[in-house]
Amino acid sequence: MKSLNFKSALKSYAINGDENNVIQVNTADVGIFERAAKAKSFLSDVRNKSEEIKNGDGKNAIEVLSELDKQVREQLNYIFGTDVSTPAFGTMNCLTFVDGVPVFVGFLNALLEEITTDVTVEQKKAKDNIAKYVNQVKK
């Protein structure tokens with residue numbers, strides 16, 4: 001079988017510096033932002049529900065947190081088009097609070113910040129390449 005080789009923007013990120021625990025994301029996939037926008041309201045609702053559980057009386061909290069963990073992981077994997085949840089959280093419930101917010105929020109913010117930077121760099125390269133070809137046509 002022949003192999004089709006082309007450049008992609010697949011980047012690897014070590015989770016919290018652990019090079020044995022890596023996620024790979026296509027950082028040039030502008031579809032990530034569309035999928036993130038679709039998932040945003042769901043993830044906001046989850047954050048609100050987890051706050052209610054944290055401040056509530058704990059009735060059914062374990063079952064609710066377990067189901068919400070599953071749903072959040074599915075949404076995160078959908079956004080990035082790959083399983084980012086398992087390497088990022090392992091067996092920890094991703095609604096676990098760290099510094100007052102669910103850990104999935106910190107993870108999502110860190111990863112989207114990286115991707116935003118990468119997309120900005122790629123857009124500049126594309127603009128420069130397009131300008132080069134437009135200038136050749138004008139001559």
Side-chain angles (χ1 to χ4, degrees):
M1 177 186 303
K2 286 188 171 190
S3 176
L4 180 61
N5 300 307
F6 62 96
K7 286 187 177 184
S8 72
L10 195 63
K11 291 201 176 170
S12 299
Y13 298 95
I15 300 298
N16 291 324
D18 181 357
E19 293 191 8
N20 293 314
N21 193 19
V22 174
I23 60 171
Q24 290 188 317
V25 176
N26 185 339
T27 58
D29 178 4
V30 293
I32 287 172
F33 297 106
E34 175 187 358
R35 295 188 298 271
K38 287 181 181 177
K40 184 178 181 181
S41 65
F42 171 81
L43 294 174
S44 293
D45 288 345
V46 167
R47 185 174 180 184
N48 294 336
K49 288 177 186 176
S50 64
E51 285 283 346
E52 289 172 18
I53 292 168
K54 177 183 168 191
N55 299 324
D57 61 12
K59 289 183 183 176
N60 300 321
I62 293 172
E63 294 86 8
V64 172
L65 284 172
S66 179
E67 181 59 28
L68 289 175
D69 173 68
K70 178 182 166 190
Q71 293 174 4
V72 169
R73 287 170 181 264
E74 288 172 357
Q75 290 295 307
L76 292 173
N77 294 345
Y78 163 71
I79 291 169
F80 298 106
T82 189
D83 181 8
V84 295
S85 298
T86 302
F89 312 119
T91 58
M92 173 179 59
N93 187 303
C94 67
L95 279 83
T96 300
F97 279 81
V98 177
D99 290 333
V101 296
V103 71
F104 83 86
V105 173
F107 168 76
L108 185 59
N109 288 340
L111 191 49
L112 286 175
E113 185 176 317
E114 282 292 320
I115 291 169
T116 300
T117 299
D118 289 345
V119 166
T120 302
V121 168
E122 288 301 318
Q123 286 176 336
K124 182 180 179 336
K125 288 179 188 176
K127 183 179 177 183
D128 293 345
N129 283 334
I130 291 169
K132 179 175 82 175
Y133 291 110
V134 168
N135 290 335
Q136 287 177 358
V137 171
K138 287 181 180 178
K139 290 180 181 180

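From D45, atom CG reaches atom CG of L68 across 10.0 Å, with rounding to the nearest 0.5 Å. Between atom CD1 of residue I115 and atom OG1 of residue T120 there is a gap of 11.5 Å, rounded to the nearest 0.5 Å. In this structure, CG in L111 is found 4.0 Å from CZ in F80, a value given to the nearest 0.5 Å.
Residue pairs meeting the side-chain hydrogen bond (donor to acceptor under 3.5 Å, both in side chains) criterion with at least one member in residues 14-25, sequence neighbours excluded: S12-Q24. Within the structure, every pair that satisfies the salt bridge (Lys or Arg N to Asp or Glu O under 4.0 Å) test and touches residues 71-86, not counting sequence neighbours, is listed here: D69-R73.
In this structure, S66 contributes its side chain and I62 its backbone to no donor-acceptor pair below 3.5 Å. Listed for the N77 side chain is a donor-acceptor partner under 3.5 Å among the backbone atoms of S85.
Smallest separation of non-hydrogen atoms from V72 and C94: CG1-SG, 3.5 Å. Across all their heavy atoms, N93 and L65 have their closest contact at ND2-O, 3.0 Å.
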Walk me through it: do K11 and D118 pass the test side chain to side chain contact (heavy atoms under 4.5 Å, CB included)? CA-CA 10 Å; K11 291 201 176 170; D118 289 345; 3.2 Å; yes
Using side chain to side chain contact (heavy atoms under 4.5 Å, CB included), reason through V103 and M92 one step at a time and then give a plain yes or no. CA-CA 10 Å; V103 71; M92 173 179 59; 3.8 Å; yes
Show your working on side chain to side chain contact (heavy atoms under 4.5 Å, CB included) between I23 and I15 and close with a plain yes or no. CA-CA 7 Å; I23 60 171; I15 300 298; 4.0 Å; yes
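In the hydrophobic clustering of this structure, V25 does not group with V22; members are Ile, Leu, Val, Met, Phe, Trp, Tyr whose side-chain heavy atoms approach within less than 4.5 Å, directly or through other members. Cluster annotation: V98 and L95 are assigned to the same hydrophobic cluster (Ile/Leu/Val/Met/Phe/Trp/Tyr, side-chain heavy-atom contacts under 4.5 Å, transitive).
Q71 is linked by a side-chain hydrogen bond (donor to acceptor under 3.5 Å, both in side chains) to E67, counting only residues two or more places apart in sequence or in another chain. K127 pairs by the side-chain hydrogen bond (donor to acceptor under 3.5 Å, both in side chains) definition with nothing, not counting sequence neighbours. Qualifying ring-ring contact (aromatic ring centres under 6.0 Å, His included) partners for F107, counting only residues two or more places apart in sequence or in other chains: F89.
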Return a table of donor-acceptor pairs under 3.5 angstrom between the side chains of residues 31-40 and protein atoms on other chains or two or more places apart.
unit_1 : atom_1 : unit_2 : atom_2 : d
R35    : NE     : Y78    : O      : 3.1
R35    : NE     : I79    : O      : 2.9
R35    : NH2    : D29    : OD2    : 2.7
R35    : NH2    : I79    : O      : 3.1

